[in-house]
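Only one structure is covered here, and it is reproduced in the block below.
If you read the sequence from its start, that first residue is 1, and numbering goes on from there.
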Amino acid sequence: MSQPLPRRGRWRRRLDPPALVALVLGVAGTGYRLLLTLATIPPANSDEATFGLAALHIAAGQERPVFLYGQHYMGVLESYLAAPLLALFGPSWLALRLPLLALYALFLWLIHRLTRRIGSPWFATLIVGLLALGSERVIRDQLTAVGGRPEGKVAVLLMLLVVVGLARGTLRLRRLAVGLFGLLAGVAVWSDWLLLPYVGAATLALLWAARRDLLGWAGALLVAGFALGVAPMIAYYRTAGPGTDPLSVLSQVHDDSDPPLAQRFSGAVLEGVPLATGLCPVNGCSRWLEGFGLLYPALLVIAAVVAVVAYRRATGRAARVAPVVHLALVVGAALTLLSYTRTSVAATDPLANARYLALLHLSLPAVLWPLWQAAVAALQGTTGVFGRLAGTLAAAFLAALAVTASLVTVLFITTGTAASRANERAARELANTLRVSGPHEVYGTYWTCNRLIFNTDEEVACGVLDDELNPGNNRRPAYWDRVAVASRPGYVVETGSRQEQRLRQLLGERADAALLADVDEYRVYHPETPLRPWQ
């Protein structure tokens, strides 16, 4: 453990070997992500640009959005975190992503502290080492501003550390700690509803750890903190009008399609779990890697059984809090996986939607703890023949896990970044071309528009059209309105896309004359007479 040692009248903390190794691994993981952030890898997209535009408006004092433009359920805390940097340096993906990098570093530190408290020092080092690695899917979830998950992980870990501190009596200001727990829970609920399983499980752990405290002022502070955290959401729902209450929003986002259970299970467990945990390339998992996904539910069951047994064997709240936190993490992971398995996107597009399982990283200390215990017991020779066999298999599994995650990370670094750099370069070249030469009011696809607007600091406005050139998903109507009143709007289309084919069909013989620029994978058309086929 870290030990304070006196030196020349001052106290200096000396890191023990496990903590020192964890620090090195954490710095390496953060540095790796910093280099990717500087290179805008993974490339930006219009979802992230929408958070960036919200941050620009916050920085300028124009708006105080509660939810992402065009939605009624995704909080924009990441926009508020980035707003000061955008106010200082203007719109850039670096400024938008630096707060996420800081959240990742804080996440590593917090999960190390929690894992030491509910596990062991070297096991905490292993967890940090695994989380320092990062495939493209993992990096995208950690470094792109698409809402909820980076700040949600930090909030949940802080909540669980409060639970541990309350149970072991190491927190002096117990009432304020409970109030902080409530505030974190409220902010998490506002930020992303995907956090509800973990927030609920952590709250049950708090009720176990501090049930007597909650009968007094601590309980009042818990409620007050939660109310403060969700206050932006409550204020929004009270004033936003009919159809925006939580139940209505849930019914709107619910998909009525019902793919077979086997397809949803395969997409969620066999594909989603390995992808979200960084064991597969972004283009899919091989058969043997899908086996890890198949093992994951079994590991959750084993972790739950081990935690229950440890709870029954321990005496006193201080000794029992570790298995209680393990159970909370298992419950959070199980409910997250179950809720994702119920969705149709788990079956229809598991590769793109594995991001909904990114929170499973929180449960890594609980899921792998039984394997670590078995491996250590076998190494120390404190178990029988069966135990040594089980421990050897557990050690082999942990080693295979680390090697696989390392190989996938190296594969991403060596072969997976070229396409990202080319994509980002094309988007920036398009933005520079339109900024300098115009037109400054254009129509385009969803995945072009908001990214283009952010890249040009709103000098270019873009209205979203679908493939048939009908109005599409315009998250912020102001941009559509600006293009709608333009006397001669342009079109930005991807070369050879259905949108370009439809546009050239409508332009007819004027198509070649209207072609203004070829910019990498994009083409800019600027017809002499305005073309708005939906009118």
Any non-hydrogen side-chain atom of [X] less than 4.5 Å from a side-chain atom of [Y]?
| X | Y | result |
| --- | --- | --- |
| Met74 | Trp190 | no |
| Leu368 | Leu130 | yes |
| Leu360 | Tyr296 | yes |
| Val282 | Ser135 | no |
| Trp93 | Thr37 | no |
| Tyr311 | Leu327 | no |
| Pro281 | Leu411 | yes |
| Ile127 | Leu131 | yes |

Fill in: Name of the residue among Val156, Leu337, Asp141, Leu195 meeting side-chain contact (heavy atoms from CB on, under 4.5 Å) with Leu359
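That would be Leu195; it is the only one of Val156, Leu337, Asp141, Leu195 passing the side-chain contact (heavy atoms from CB on, under 4.5 Å) with Leu359.
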Worksheet item: Applying the side-chain contact (heavy atoms from CB on, under 4.5 Å) test to Leu279, which of Leu133, Thr404, Leu407 qualifies?
Response: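 Of Leu133, Thr404, Leu407, side-chain contact (heavy atoms from CB on, under 4.5 Å) with Leu279 is met by Thr404 alone.
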So, does [X] use its side chain to make a donor-acceptor pair with the main chain of [Y] at under 3.5 Å?
| X | Y | value |
| --- | --- | --- |
| Arg113 | Trp109 | no |
| His326 | Ala322 | yes |
| Asp349 | Val345 | no |
| Arg33 | Leu100 | no |
| Tyr340 | Asn353 | yes |
| Arg116 | Pro121 | no |
| Ser79 | Phe51 | yes |
| Thr125 | Pro18 | yes |
| Thr382 | Ala378 | no |
| Arg264 | Ala347 | no |

Got a second to check how far [X]'s [atom1] is from [Y]'s [atom2], nearest 0.5 Å?
| X | Y | atom1 | atom2 | value |
| --- | --- | --- | --- | --- |
| Lys153 | Leu106 | NZ | CG | 12.5 Å |
| Leu176 | Leu183 | CG | CG | 11.5 Å |
| Arg140 | Ile41 | CZ | CD1 | 10.5 Å |
| Thr336 | Tyr356 | OG1 | OH | 13.5 Å |
| Ser266 | Glu290 | OG | CD | 6.0 Å |
| Arg97 | Thr40 | CZ | OG1 | 6.0 Å |

Pairing donors with acceptors under 3.5 angstrom, does anything connect the side chains of [X] and [Y]?
| X | Y | value |
| --- | --- | --- |
| Ser363 | Tyr198 | yes |
| Glu48 | Thr144 | no |
| His72 | Tyr237 | no |

What closest approach, in Å, do [X] and [Y] show between heavy atoms, and which atom pair accounts for it?
| X | Y | answer |
| --- | --- | --- |
| Leu25 | Gly129 | CD1-CA, 3.7 Å |
| Val164 | Val321 | CA-CG2, 3.9 Å |
| Gly284 | Glu271 | CA-OE1, 4.1 Å |
| Phe107 | Leu362 | CE1-CD2, 4.1 Å |
| Ala95 | Leu85 | O-CD1, 3.5 Å |
| Ile58 | Arg64 | O-NH1, 3.3 Å |

Practice prompt. Count the heavy atoms belonging to other residues, nucleotides or ligands that lie under 6.0 Å from CZ of Arg211, then report whether that count exceeds 12.
Written response: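 Yes, because the 6.0 Å sphere around CZ of Arg211 holds more than 12 heavy atoms from other groups.
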Item to complete: Mind jotting down which residue pairs meet the ring pair (Phe, Tyr, Trp, His ring centres under 6.0 Å) criterion with at least one end in residues 113-139? Sequence neighbours excluded, please.
Response: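 Passing the test, one end in residues 113-139: Phe123-Trp369, Phe123-Trp372.
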Fill in: Output field: ring centroids Phe67/Tyr236 closer than 6.0 Å
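When the ring centroids of Phe67 and Tyr236 are compared, they turn out to be within the sub-6.0 Å range.
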Item to complete: Not counting sequence neighbours, which residues clear side chain to side chain donor-acceptor pair (under 3.5 Å) with Arg174? List them please.
Response: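 Per chain and number, Arg174 pairs via side chain to side chain donor-acceptor pair (under 3.5 Å) with Asp213.
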Worksheet entry | Chi angles and distances behind the side chain to side chain contact (heavy atoms under 4.5 Å, CB included) call for Leu206, Met159 | CA-CA 8 Å; Leu206 176 71; Met159 291 162 67; over 6 Å; no
Fill in: Working for side chain to side chain contact (heavy atoms under 4.5 Å, CB included), residues Thr50 and Val76
CA-CA 10 Å; Thr50 306; Val76 287; over 6 Å; no
Worksheet entry | Working for side chain to side chain contact (heavy atoms under 4.5 Å, CB included), residues Phe412 and Arg137 | CA-CA 10 Å; Phe412 169 53; Arg137 174 73 270 165; over 6 Å; no
Fill in: Full working for side chain to side chain contact (heavy atoms under 4.5 Å, CB included) between Arg117 and Arg168
CA-CA 10 Å; Arg117 282 159 174 72; Arg168 293 181 175 168; 3.7 Å; yes
